[in-house]
Structures are given as C-alpha cells and as structure tokens.
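Just the heavy atoms: all of them, side chains too, but no hydrogens, waters or symmetry mates, feed the values below. Naming: A, B, ... by sequence-line order, numbering from 1 per chain.
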There are 2 protein chains.
Amino acid sequence: MAGLIEFWFEFASSYSYPAATRVEAAAGASGIAVAWRPFLLGPIFRDQGWSDSPFNLYPAKGRYMWRDMERLCADLGLPFRRPAAFPRNGLLAARVACSHRDEPWIGDFVRAVYRANFAEDRDISTRETVSALLAGCVADPVAVLKRATDPASKRALARATDEARKLGIFGAPSFVAGGELFWGNDRLAAAIDWSRRAPADT
Amino acid sequence: MAGLIEFWFEFASSYSYPAATRVEAAAGASGIAVAWRPFLLGPIFRDQGWSDSPFNLYPAKGRYMWRDMERLCADLGLPFRRPAAFPRNGLLAARVACSHRDEPWIGDFVRAVYRANFAEDRDISTRETVSALLAGCVADPVAVLKRATDPASKRALARATDEARKLGIFGAPSFVAGGELFWGNDRLAAAIDWSRRAPADT
C-alpha cells in the first residue's frame with residue numbers, strides 16, 4: 001500500500017454512515033489502506049458545551065442534515081431510513097470496534113452497525129443488536145463481546161477519544177492523511193488525494 | 001440557461017471566498033445561471049445563540065478552518081492570507097451587493113470583496129475600502145454607495161436575511177438549486193448537479 005488514511009468515526013454520527021460505507025473501496029482504489037479509528041464524540045461535544053448532537057441543538061441544521069442524508073444515500077445507492085431515535089448510544093459497538101480494529105472483519109462490522117442504525121432503524125446500543133451484527137462477521141460473538149467489555153478495552157476507547165481531541169478532531173467523520181486533518185463525509189476524496197501526495201511513511 | 005442556482009453568501013464567511021470565486025464559472029460550464037443572494041449571517045447566528053463566529057466560539061473548529069482554507073485556496077490557485085481580524089463586518093458591502101445584485105458587474109464586485117478580505121487582509125467594513133473596490137467595477141462608485149445606503153436598500157438586505165432564514169439557511173455559503181438547499185463550499189458541485197436534474201422552471 002502506498003499510504004494510509006485514518007478514518008475516525010462515531011457510530012451515532014449520521015454522516016459517518018456514507019463515509020464508513022465508502023472509505024475502504026475509495027482508498028483501496030488509490031492503493032491506500034484504511035486504519036479504522038472509532039472514538040466517542042460525546043466527550044468532545046461536551047468540551048464544546050454541547051450535551052446533545054448539534055443536529056438536535058440547532059433545528060435548522062438538523063432539518064438540513066436529514067434531508068441531505070436522504071439525497072446523499074440515494075446518490076450513493078445506500079439504503080436509508082431516518083432513525084426513530086437520534087443520536088443512538090454507540091458505546092458498546094465502539095468498544096467492539098476499538099478492541100478489534102485490526103481484525104480482518106472490522107470493516108464489515110462497522111458497516112453493519114451503521115446500516116443497522118441508519119437503514120434498518122435498529123437500536124445499536126443493546127448487547128442483543130451488537131451480538132446479532134457480530135454473528136454476521138465472526139465465529140464467536142460471545143468471545144468478542146467479552147474482550148470488548150474488559151477494562152483494557154474500555155481504557156483503549158477512552159485513550160482513542162483523547163487522541164482524537166489531541167489531533168484537533170471536533171466532529172465525525174474525520175480523516176487523517178499525511179499528518180493533515182479533514183472533516184466531513186464530503187472530504188473523503190480530498191483526504192485520499194492528500195494521502196497520495198504525502199510520503200508513504202506518514 | 002438550463003437552470004438557476006442561488007448563491008447565498010455573507011462577506012465575513014471564510015468558506016464563501018472559494019465558493020464565490022468558483023460559482024459563476026462552475027455553473028456556467030453546465031449552462032446554469034447564478035443568482036447572487038447576499039445576506040447577513042449575524043442575525044441567523046444569534047437565532048442559534050451565537051454572538052460570534054462558531055470558528056471563534058469553538059477553537060478546534062477555528063484552527064481546522066484556517067488550515068483548511070490554506071489547503072483549499074492552494075488547490076484552487078487562489079491567493080490566501082489569514083485576515084488579521086475575523087469575522088470582518090461586511091454590512092456595507094452586503095448592502096451594495098443586495099441593491100445591485102442583478103447588475104452585470106455584481107460577480108466582479110463580490111469576488112473583489114472576498115479577495116480584499118481573505119487574500120489582501122483589507123478592512124472591508126469601511127466606506128473607503130468598499131469605494132475603492134467599486135472603482136474597479138463601476139464608473140460611479142459614489143452613486144452606487146448612495147443607493148446602497150438608502151432606506152429601501154437597507155430594508156432589502158433585511159428581507160433577504162429573513163428569506164434566508166425561511167429557506168432553512170443556517171450558514172454560508174449555501175446554494176439553492178431546484179428547491180433544494182445545499183450548505184458549504186464542498187457542495188457546490190452537488191448543487192449544480194441538482195440544478196441540472198431539476199425542471200428548468202424551478
């Protein structure tokens with residue numbers, strides 16, 4: 001692989017759904033690998049004084065986002081259904097992703113969680129849903145959930161969130177390519193382009 | 001022209017600079033006309049509880065934006081210098097643009113104001129600067145400024161801002177194409193594409 005793109009995502013984040021679905025294929029087409037970097041947006045939003053999603057706090061922004069998601073998903077051929085609850089708690093799914101982020105099935109799991117949340121309107125916060133989604137990706141969901149909820153995995157997700165903060169991440173999805181931060185689903189191509197221009201070791 | 005795209009902009013808005021510079025050429029290449037729609041973002045930000053630019057209120061977002069502007073402008077071949085003051089008061093320039101938005105020189109004037117603010121670090125709030133920029137576009141800047149500051153023009157800009165609010169606009173730049181709202185410099189191509197798909201009379 002010529003380079004690497006870090007994909008920083010939060011399972012509650014609507015625009016992370018189209019980004020998560022596209023990132024591996026789009027990067028791969030340029031010979032660029034993806035590092036899956038789950039983190040929690042809640043603590044970072046709280047730093048900014050927000051106790052809820054800005055799409056709920058600012059209704060005009062929220063109305064725009066839901067219509068934009070419909071358009072974006074239609075253009076990308078992605079199924080979309082506005083979730084009955086937003087934002088949904090993605091903590092357990094994020095622990096699974098964080099503690100298994102280098103496993104070969106990580107991309108499939110991440111995409112399955114987003115599809116469950118934003119196309120199937122399922123409650124991704126529950127152990128039942130996460131376990132059912134894992135069953136489509138791994139042989140032993142129970143073992144994966146056990147590891148995902150051990151103290152080391154919980155600390156690893158908290159560290160990832162601190163790392164996101166230090167990188168200057170303030171929203172999701174974000175991409176880090178060649179030492180540069182790009183924010184938003186719209187900037188995936190720009191991040192990949194930057195990664196192609198950057199030296200291979202960054 | 002096959003269609004029309006409304007370009008809603010605020011002279012204080014950083015991302016409106018690359019959008020304003022590109023919009024006419026990009027739309028024209030698809031046979032689409034541009035309606036220049038200046039408005040004031042201040043009252044709309046105040047609706048959201050903000051007394052300053054979100055790029056000042058949220059420092060991580062602000063740091064990102066300035067770096068992103070450097071990258072975007074470099075990629076587009078646009079001169080860029082971070083202004084010593086941000087956001088600058090674009091009220092007078094907006095009154096000029098609003099009261100003359102259908103004049104053949106409007107695009108040149110809008111681009112000149114953005115270049116002054118974001119490439120030349122000039123104080124666009126003053127009558128001297130606006131007058132000097134007008135001098136590059138019209139034969140009689142004094143007459144233009146007189147009309148721009150009459151009560152009817154002031155009311156017209158207030159009405160435009162109300163109209164922006166009713167359209168669901170919450171930031172700049174925004175585009176309206178075929179009855180749909182698109183927010184952000186990144187979405188110019190999507191708006192043009194929508195305009196091409198929409199019936200010509202919308």
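- The part of B:L72 that comes within reach of chain A is its side chain, from C-beta onward, which places non-hydrogen atoms under 4.5 angstrom from that chain.
- Contacts between A:I44 and chain B at a heavy-atom distance below 4.5 Å are absent for every atom of the residue.
- Rounding to the nearest 0.5 Å gives a distance of 5.0 Å between CH2 of B:W50 and OH of A:Y58.
- For the atom pair A:Y64 OH and B:L167 CG, the distance stands at 13.0 Å (nearest 0.5 Å).
- At a threshold of 4.5 Å between non-hydrogen side-chain atoms, the residues A:D68 and B:R187 count as touching.
- Between B:G168 and A:A60, the shortest heavy-atom contact is O-CB, 4.1 Å.
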If you apply the rule salt bridge (charged side-chain N to carboxylate O under 4.0 Å, His left out), what do you find for A:D75 with B:R197, and how did you get there? CA-CA 12 Å; A:D75 277 353; B:R197 287 190 254 170; 3.4 Å; yes
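- Cation-pi geometry between A:R71 and B:F182 is satisfied (NZ or CZ under 6.0 Å from the ring centre, within 45° of the ring normal).
- A:K61 contributes atom NZ, which lies 13.5 Å from atom CD1 of B:I169 (distance to the nearest 0.5 angstrom).
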